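Atoms within each ligand, like the ligands themselves, are counted from 1 in listed order. The structure presented is a predicted model; accordingly, all values stated were derived computationally and were not measured.
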Amino acid sequence: VTGSQGQLGSSLMTSAPGSLNVFGRSRDDCDITDHRAVNAVFKELDPNVVINAAAYTAVDRAELEPAKAFAANAIGARNVADAARQAGARMIHISTDYVFDGSQTVPYTPASKARPLNTYGKSKLEGEQTVLATDETALVIRTGWLYSGGQNNFLQKILNRLLVNSPLKVVDDQVGVPTLTSDLALAIWSCVDLPGQRGIHHWVNNGTASWYEFAQRIREVALNAGILRSAAAVVPISSSSYPAGALRPSYSVLDSTSLWKVLGTPRHWHNALDDLLEDIASRAISREGKDHRGPSATKDSRNDTILS
Ligand SMILES: NC(=O)c1ccc[n+]([C@@H]2O[C@H](COP(=O)([O-])OP(=O)(O)OC[C@H]3O[C@@H](n4cnc5c(N)ncnc54)[C@H](OP(=O)(O)O)[C@@H]3O)[C@@H](O)[C@H]2O)c1
């Protein structure tokens, strides 16, 4: 698993099936932009399968440093695909809903025309194309709006901001599917056992939401679960109200039918979020009395222009 300390990489590592020998490699252990480093890891481990969860994911910052985004998301993906082909390993590569421009009003299928609006999306699209051109047996799984119980994501950022007693403005005119990394990780592990799955597929949780609806539900459930004792209001705004580093699609719901048919329909994002927040609450309650200071401040540049 490359990018093993990222959101998805961490979930893959903690949910790896006991029947598999799984090795995680972080950027420090294996920088995928360095083909020698990638080849050395393949030589050391001789894997049957490689899951490429490493990526440059700072959507806004990518507009300022496109070379870095393309280095990781296109050249890095090609380095992993090259090494996988030479080693006879199967590659599972993770991509994004931001390859789409948002002009559709119905879910995007894997066959829908990709037309990214921003540098991050362009770099990820080039990554998909180079992976499939290098290894036609590769499986590319596009997903969207990832979050987890870890430190660096939209959920934590919303919880932190709700503690500040001023209204939290969140964009209401971008619609996608909040997807829990641990649910996606289990779907990816199931794909390891399905070598016939190749080409581009989509996988997200069930349901749809705007960022505002996602934030609003976080607020409601966090209050009900006792994670927050009080919370600022969440106010819907349009994305045109705030200057964004990168354009984002107004609609990026992924039609995941092709994998859902094989793996089963996943739970609704409401249920995934509710369960995660319940879990966070029960862990906080067990710490209560010792050191319950609420969520800690985090730095996350992925969603800087979604909320203000
Ligand atoms: N986050 C989302 O909402 C979202 C939505 C759709 C698709 N995706 C896709 O899902 C996958 C996983 O995303 P994520 O949310 O887990 O991202 P993440 O938390 O940013 O994790 C990515 C990991 O890749 C590492 N990395 C970056 N450049 C690297 C390099 N050159 N070599 C090796 N490792 C490198 C990062 O390390 P550093 O922290 O040191 O940079 C980080 O640990 C990515 O392919 C992403 O494009 C994400």
**Asked** For the atom pair CG (Asp183) and CG (Leu146), what is the distance rounded to the nearest 0.5 Å?
**Response** 11.0 Å

**Prompt:** Side chain, backbone, both or neither: which part of Ala53 has a heavy atom under 4.0 Å from ligand 1?
**Reply:** backbone

**Message:** Under 4.0 Å, heavy-atom basis, I'd like to know which part of Ala71 is in contact with ligand 1: side chain, backbone, both or neither.
**Reply:** neither

**Request:** Give the numbers and elements of all ligand 1 atoms closer than 4.0 Å to a heavy atom of Leu8.
**Result:** 12 (C), 16 (O)

**Asked** Aromatic rings Phe214 and Phe154: how do their planes relate, parallel, tilted or perpendicular, breaks at 30° and 60°?
**Response** parallel

**Minimum heavy-atom distance between Ala53 and Leu12, given as atom pair plus value** = CB-CD1, 4.1 Å

**Asked** When only distance counts, is Thr143 in polar contact with ligand 1, meaning an N/O pair under 3.5 Å?
**Response** no

**Message:** Using a 4.0 Å cutoff against the non-hydrogen atoms of Thr33, which atoms of ligand 1 qualify?
**Reply:** 31 (N)

**Item:** Nearest-0.5 Å distance that lies between atom CD1 in Ile200 and atom CG in Leu259
**Value:** 12.0 Å

**Asked** Taking all non-hydrogen atoms of both residues, which atom of Arg142 and which atom of Pro110 are closest, and how far apart?
**Response** NH1-O, 3.8 Å

**Prompt:** Which is closest to atom 46 (C) of ligand 1 by heavy-atom distance: Phe154, Tyr147, Tyr120?
**Reply:** Tyr120

**Request:** Would you kindly say whether Ser26 and Asp28 are connected by a side-chain donor-acceptor distance under 3.5 Å?
**Result:** no

**Request:** Assess the side chains of Asp173 and Ser239: does a donor N or O sit below 3.5 Å from an acceptor N or O?
**Result:** yes

**Prompt:** Where the closest heavy atom to atom 41 (O) of ligand 1 is concerned, which of Lys124, Arg27, Gln5 has it?
**Reply:** Arg27

**Request:** Could you tell me whether Trp145 approaches ligand 1 through its side chain, its backbone, both or neither, with non-hydrogen atoms closer than 4.0 Å?
**Result:** backbone

**Request:** Measure the acute angle between the ring planes of Phe100 and Tyr108, then classify it against the limits of 30° and 60° as parallel, tilted or perpendicular.
**Result:** parallel

**Prompt:** Among Ala55, Ala69, Ser252, which residue places a heavy atom closest to atom 36 (C) of ligand 1?
**Reply:** Ala55

**Prompt:** In terms of atom number and element, which parts of ligand 1 are under 4.0 angstrom from non-hydrogen atoms of Gly144?
**Reply:** 5 (C), 6 (C)

**Polar contact flag, side-chain donor to acceptor under 3.5 angstrom, Ser95-Glu128** = yes

**Request:** Any atoms of ligand 1 less than 4.0 Å from a non-hydrogen atom of Ala54? List them with their elements.
**Result:** 24 (O), 33 (C), 34 (N), 35 (C)

**Asked** Quick one: do Asp135 and Arg90 make a salt bridge, cutoff under 4.0 Å?
**Response** no

**Asked** Any N/O of Gln7 closer than 3.5 Å to an N/O of ligand 1?
**Response** yes

**Request:** Give the minimum heavy-atom separation between Thr208 and Glu213, together with the two atoms involved.
**Result:** O-OE1, 4.5 Å

**Message:** As an exercise, identify every atom of ligand 1 less than 4.0 angstrom from a heavy atom of Cys30.
**Reply:** 32 (N), 33 (C)

**Request:** Check each of Ile32, Asn153, Ile94, Asn79 against atom 10 (O) of ligand 1 and report the one with the nearest heavy atom.
**Result:** Ile94

**Prompt:** Is the shortest distance from a heavy atom of Ser95 to ligand 1 less than 4.0 Å?
**Reply:** yes

**Item:** Close N or O approach (Asp31, ligand 1; < 3.5 Å)
**Value:** yes

**Request:** Mind checking whether Ser26 contacts ligand 1 via backbone (N, CA, C, O), side chain (CB onward), both or neither, at a 4.0 Å heavy-atom cut-off?
**Result:** neither

